[in-house]
Amino acid sequence: MTASFTSPLAEAMSEDLLARFLRYVRIDTQSRPDRERSPSTPGQLDLSRLLVEELHELGIADAELDEHGYVYATLPATVADAPTIGLIAHVDTSADAPGTGVAPLVHRAYDGGVIGLPREGTRLDPAVMPRLADMVGHDLVTSSGDTLLGADDKAGVAAIMAAVRHLATHPELPRPTLRIAFTPDEEIGHGATLFDIPRFGARCAYTVDGSRRGELQDESFSAIEVRVHVKGVGIHPGYATGKMVSALRVAAQMVAELPSDRLTPETASGREGFIHPTLFSGTAERAEVRWIVRDFDEGLLQSHVELLREVTDRVAGRHPGAEVEFEAIRQYRNMRAYLEDDPDVVTAAEEAIRAEGIEPLRAPIRGGTDGSRLSEMGLPTPNIFDGGYEYHSVREFASLQDMAASAAVIVRLAEAWTRR
Ligand SMILES: [Zn+2]
């Protein structure tokens, strides 16, 4: 039996939403770290151009792709005197799992058992993916098993597009002016970098980039990347006695001397932060280690960076021949402080989620979103769910019922802002 939708509104949008989603995930939009231009990969522009075309087809004449790969568009208001509200999703997908050749599969009315995918022996097993237990009767979308699905964040893109289509074809529904943006390179931390906030001109915005039905996130990690560069003394290993200083060995000691039983992604949960090596490379002569440091609390974040600095200095002190450089780069800040100053933004989203018959789930994001940096840059931007799960893996899946609930929440959010 197929599970019911959260509302007739959600159901009415669902088939358009599914068709869009299946279209978008087939386009390879994986972003690439260490980008040389925006967007980092040309595939993102293929999806962005398609979105501009589809927005034009919906009668949104000003939809436009800018020179950095951002799509901006306006759906005009149907009521006077309401503030302009933004909707944002990112077109790129993560580089953590293969993203080329996504072949989506629709599993209608999920029966609660193991889903075996045709490629690479990938299985979606409710015994190890407990979220699946909530999905009995849902129409699920998966990849074929050898790639990610790209629900992060094409479920958000499709939910926004379906909601915009519904609103555009129902001018009798009350709505403020909606500004829409589709951003590139979110997964490599650059979604907000070239975002044109003055041009966007919204009072606040919502990223549609959460996961589970009901999620509303107004708190993210604060984030710093640390890069440690080690210059050693390279020499023929056969004649190296007393002379060689291996940069790789020095770097390895730094990694080894940090705690592994706490402050790691593998051991931390809830509100705990971590220090996580993301890159280790080099030769005897030169080595580099990159770390991401995360916490919800700015003071604790700084103390983790200090710990990393102490270990780096201690190891460097044992190898006087090595030159060590420590570089800390701010990535984004916890958005909560900015959103607390403007409580209407979160309250309107809570109202919209409840209007769809869903209880809002308020948990902090153990990560960042475009909204983390946009909030800091002056555009308050919490995050709402999009109905995708198991992000950044070949087991990624999306629930049509939950994606449709997300689209319905967007329609209700538009209405909620006409009452403010
Ligand atoms: Zn995302």
Side-chain angles (χ1 to χ4, degrees), residues 20-21 24-25 27-33 35 38-41 43-44 47-48 51 69-71 86-99 102 104 131 141 143 147-161 180-193 195 205-221 223 265 278 292 294 331-332 334-335 349 361 363-375 379 381-399 402-403 406-407 409-410:
R20 290 180 190 279
F21 181 65
Y24 305 157
V25 298
I27 301 171
D28 177 0
T29 60
Q30 218 167 24
S31 48
R32 197 175 61 81
R35 70 176 183 172
S38 176
S40 61
T41 52
Q44 297 181 61
L47 176 53
S48 299
L51 293 169
Y70 290 68
V71 175
L87 298 168
I88 301 170
H90 64 90
V91 298
D92 66 314
T93 56
S94 160
D96 292 348
V102 175
R131 204 58 74 205
V141 187
S143 75
T147 66
L148 47 69
L149 174 62
D152 179 9
D153 183 24
K154 290 164 186 173
V157 174
I160 291 174
M161 289 295 289
I180 298 136
F182 297 118
T183 59
D185 287 342
E186 191 270 354
E187 297 289 357
I188 57 166
H190 280 301
T193 307
F195 193 102
Y206 299 85
T207 50
V208 186
D209 193 18
S211 173
R212 189 177 168 195
R213 180 194 288 189
E215 270 177 0
L216 167 60
Q217 295 158 325
D218 60 353
E219 190 168 8
S220 63
F221 273 147
T278 55
I292 59 171
R294 300 289 187 260
Q331 293 177 299
Y332 53 85
N334 187 342
M335 61 172 102
L361 300 172
I365 321 168
R366 291 182 62 77
T369 64
D370 279 346
S372 312
R373 284 186 57 214
L374 291 172
S375 297
L379 180 68
T381 307
N383 188 36
I384 59 178
F385 71 99
D386 65 14
Y389 298 84
E390 297 280 326
Y391 285 168
H392 301 195
S393 82
V394 295
R395 293 171 307 283
E396 190 185 8
F397 69 92
S399 150
D402 292 354
M403 288 194 288
S406 170
V409 164
I410 295 168

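Residue indices begin at 1 and follow the sequence shown. Indexing begins at 1, ligand by ligand and atom by atom, following the structure's order. Basis for what follows: all heavy atoms, side chains included, without hydrogens, waters or symmetry-related copies.
- For Arg131, the side chain to side chain contact (heavy atoms under 4.5 Å, CB included) test picks out Asp134, Met135, Arg212, Tyr389, with sequence neighbours left out.
- Around the Zn ion (ligand 1), the protein N, O or S atoms found under 2.8 Å comprise His90 NE2, Asp152 OD1, Asp209 OD1, Asp209 OD2.
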For Leu51 and Tyr24, what are the C-alpha separation, side-chain angles and deciding distance, and is it a side chain to side chain contact (heavy atoms under 4.5 Å, CB included)?
CA-CA 9 Å; Leu51 293 169; Tyr24 305 157; 3.6 Å; yes
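- Contacts of Pro364 classified as side chain to side chain contact (heavy atoms under 4.5 Å, CB included), with partners at least two apart in sequence or in another chain: Glu219, Arg271, Phe296.
- Judged as a side chain to side chain contact (heavy atoms under 4.5 Å, CB included), and not counting sequence neighbours, the contacts of Ser48 are Leu65, Val71, Val91.
- None of Asp92, Thr29, Asp185 except one satisfies the side-chain hydrogen bond (donor to acceptor under 3.5 Å, both in side chains) rule with Gln44; the exception is Asp185.
- Of the inter-residue distances, the one linking Phe182 atom CZ with Tyr70 atom OH reads 14.0 Å to the nearest 0.5 angstrom.
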